[in-house]
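Data block below; observations after.
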Amino acid sequence: MKNVACALTIAGTDPSGGAGIHADLKTFQELKTYGMSVITSIVSQNTTGVQAVSHVSFDMIEQQLDSILSDMPVHAFKTGMIANQDMMELIYKKIKHLDAPFVMDPVMVATSGDTLIERNSRNYLRKNLLPLTTIVTPNIPETEYLTGEKIETDDDMKQAAEMLVRNFGAKAALVKGGHREGDAVDFLYDGSKIHRFSAPRINTKNTHGTGCTYAAAITAYLSQGLPLYDAVNQAKEYVTLAIKYSLDLGAGSGPTNHWAPRIETSNLTTNEVK
C-alpha cells in the first residue's frame, strides 16, 4: 500500500493511554492514517495528574527523528509536549526543512493543571517553532500566554487567532474555546478569513487528552491531503464524538474515547433498522 497516508507525532507519553503519544497514535489509527512517533519525555501520569517526568536524552530524540526521516514518508506531523529549549532547538533543526504540514499543539499544562513545559522554553517555542507551523491549536490559557492578551469573549478569541498569524508567523491558528461556558466554540484564522466551529457542550468531566486528540485528528486529515478548513471541520466532529462517548475510567478526568465514531455509526445503524 504505497499510497497510505503517514503521520508523525513528536511528544511525551501517557501510560494511562488518554493523552500524548498514546492518544495521537490511537487517533491516527482510527482515522486510517499510519502513525509514527518520536518520544520526547516519559511521563508518569493518570486521570488524576502527573506524578513524574523523565526526559529522553537529546541523542536518543535525534536518533529517533533520523530513523523516521531517513526511511519513512511523513505526509504531516505534529508536536505536543516538548519540555525544554534544548529539545526545541534539536527538533527545530530537524523539521525546519521538512516539506509536510506541521500541526503544533502547544502543550504547556495538562488537564489536571500540571505544568509540562519549562517556563524559559516558552519564548523559544513562540519565536522559533511557531513560525514553522501550518496550524497552531492552543486552548485559551495557552493562547493567553502566547499572545500576552486576556481572552474572555468571542471577539477576543478571533483577535488572538489573527495575532498568532500576523504577529507570530503561524500560517493558521485555531483558538479553542473548551475552557469557556456554553457551546464549545473554536475560531480558525487561516491567514485571510475567520471560521467558526461550534458543538454543543457535553456535560462530562472526562476530557483527558482532548487537546492531543483534536490536534492529532487535524494532522491525520492533513496527511490525507484534505484542505485545512476541511481537516479542522472533520477533526472537530471527531473530538466531539470522542467527548460524547468519553470513558469514565480512573479517579480523575477520564479519557476521551478514540473509537467513538464506530459507536455513533453503530447507534445510527441500529436506529435505522428500528
Side-chain angles (χ1 to χ4, degrees), residues 4-41 43 45 64 68 72-82 91 95 98 100-108 110-111 116 129 133-139 142 170 172-176 178 184 186 188 197 199 206-247 253 255-262:
V4 65
C6 298
L8 169 66
T9 171
I10 305 169
T13 67
D14 174 8
S16 71
I21 289 283
H22 301 72
D24 294 344
L25 292 177
K26 289 177 181 179
T27 301
F28 293 164
Q29 185 76 10
E30 287 301 316
L31 299 181
K32 299 180 174 59
T33 284
Y34 182 81
M36 303 168 289
S37 64
V38 168
I39 296 172
T40 58
S41 299
V43 185
Q45 66 172 310
Q64 290 179 83
I68 296 298
M72 302 292 284
V74 177
H75 301 124
F77 66 101
K78 73 171 286 270
T79 56
M81 178 185 175
I82 310 174
I91 291 167
I95 69 172
L98 189 55
F102 171 20
V103 179
M104 177 195 284
D105 179 17
V107 175
M108 296 176 181
T111 302
L116 296 174
L129 291 177
T133 60
T134 303
I135 181 171
V136 59
T137 64
N139 59 32
E142 291 161 348
L174 178 70
V175 177
K176 302 174 298 188
D186 311 326
L188 168 68
F197 302 89
N206 300 319
T207 57
H208 179 56
T210 303
C212 303
T213 299
Y214 198 171
I218 295 171
T219 308
Y221 286 126
L222 289 174
S223 77
Q224 297 166 18
L226 269 68
L228 182 63
Y229 174 88
D230 295 332
V232 174
N233 188 44
Q234 293 193 37
K236 176 71 169 178
E237 293 175 1
Y238 175 76
V239 77
T240 300
L241 287 177
I243 298 169
K244 178 180 178 180
Y245 295 103
S246 60
L247 302 169
S253 176
T256 57
N257 188 337
H258 296 96
W259 67 82
R262 288 189 268 175

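As the structure is a computational prediction, the values presented were derived from the model and not from experiment. Counting from 1, the numbers follow the sequence of the chain as shown.
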Donor-acceptor pair, [X] side chain versus [Y] backbone, under 3.5 Å?
| X | Y | result |
| --- | --- | --- |
| Thr137 | Val103 | no |
| His75 | Cys6 | yes |
| Gln224 | Tyr221 | no |
| Thr256 | Ile243 | no |
| Thr27 | Ala217 | no |
| Asn257 | Tyr245 | yes |

Out of curiosity, [X] [atom1] to [Y] [atom2], how far, rounded to the nearest 0.5 Å?
| X | Y | atom1 | atom2 | result |
| --- | --- | --- | --- | --- |
| Trp259 | Lys26 | CH2 | NZ | 7.0 Å |
| Asp105 | Leu174 | CG | CG | 10.5 Å |
| Cys212 | Met81 | SG | CE | 10.5 Å |
| His22 | His258 | NE2 | NE2 | 11.0 Å |
| Phe102 | Thr133 | CZ | OG1 | 6.5 Å |

I want to check something: taking the side chain as every heavy atom from C-beta on, are [X] and [Y] in contact at a cut-off of under 4.5 Å?
| X | Y | result |
| --- | --- | --- |
| Ile135 | Ile218 | yes |
| Leu247 | Asn206 | no |
| Gln234 | Leu31 | no |
| Pro15 | Gln45 | yes |

Open item on the list: Go through it in stages, so that I can follow the logic: the residues are Asp186 and Val232, the test is side-chain contact (heavy atoms from CB on, under 4.5 Å), and I'd like the CA-CA distance, side-chain angles, deciding distance and then a yes or no.
Closed with: CA-CA 10 Å; Asp186 311 326; Val232 174; over 6 Å; no

Open item on the list: Test side-chain contact (heavy atoms from CB on, under 4.5 Å) on Ser37 and Leu25; report intermediate values, then the result.
Closed with: CA-CA 8 Å; Ser37 64; Leu25 292 177; 4.1 Å; yes

Which atom pair, heavy atoms only, marks the closest approach of [X] to [Y]?
| X | Y | value |
| --- | --- | --- |
| Lys236 | Ala184 | NZ-O, 3.0 Å |
| Ala11 | Ile21 | O-CG1, 3.6 Å |
| Thr33 | Ala220 | OG1-O, 3.3 Å |
| Val74 | Ala100 | O-CB, 3.4 Å |
| Gly18 | Ala23 | O-CB, 3.3 Å |
| Ala216 | Lys78 | CA-CD, 3.8 Å |

TODO: Dump the intermediate steps for side-chain contact (heavy atoms from CB on, under 4.5 Å) on Ile82 and Leu129, then the final yes or no.
DONE: CA-CA 11 Å; Ile82 310 174; Leu129 291 177; 4.2 Å; yes

Open item on the list: I'd like to know if Arg262 and Glu30 make a salt bridge, using a cut-off of under 4.0 Å between side-chain N and carboxylate O.
Closed with: yes

- [ ] Step through it carefully: locate the ring centre of Tyr34, locate the ring centre of Phe28, and say whether they are under 6.0 Å apart.
- [x] no

Task: Verdict with reasoning, Ile91 to Thr40, per side-chain contact (heavy atoms from CB on, under 4.5 Å) - done: CA-CA 10 Å; Ile91 291 167; Thr40 58; 4.2 Å; yes

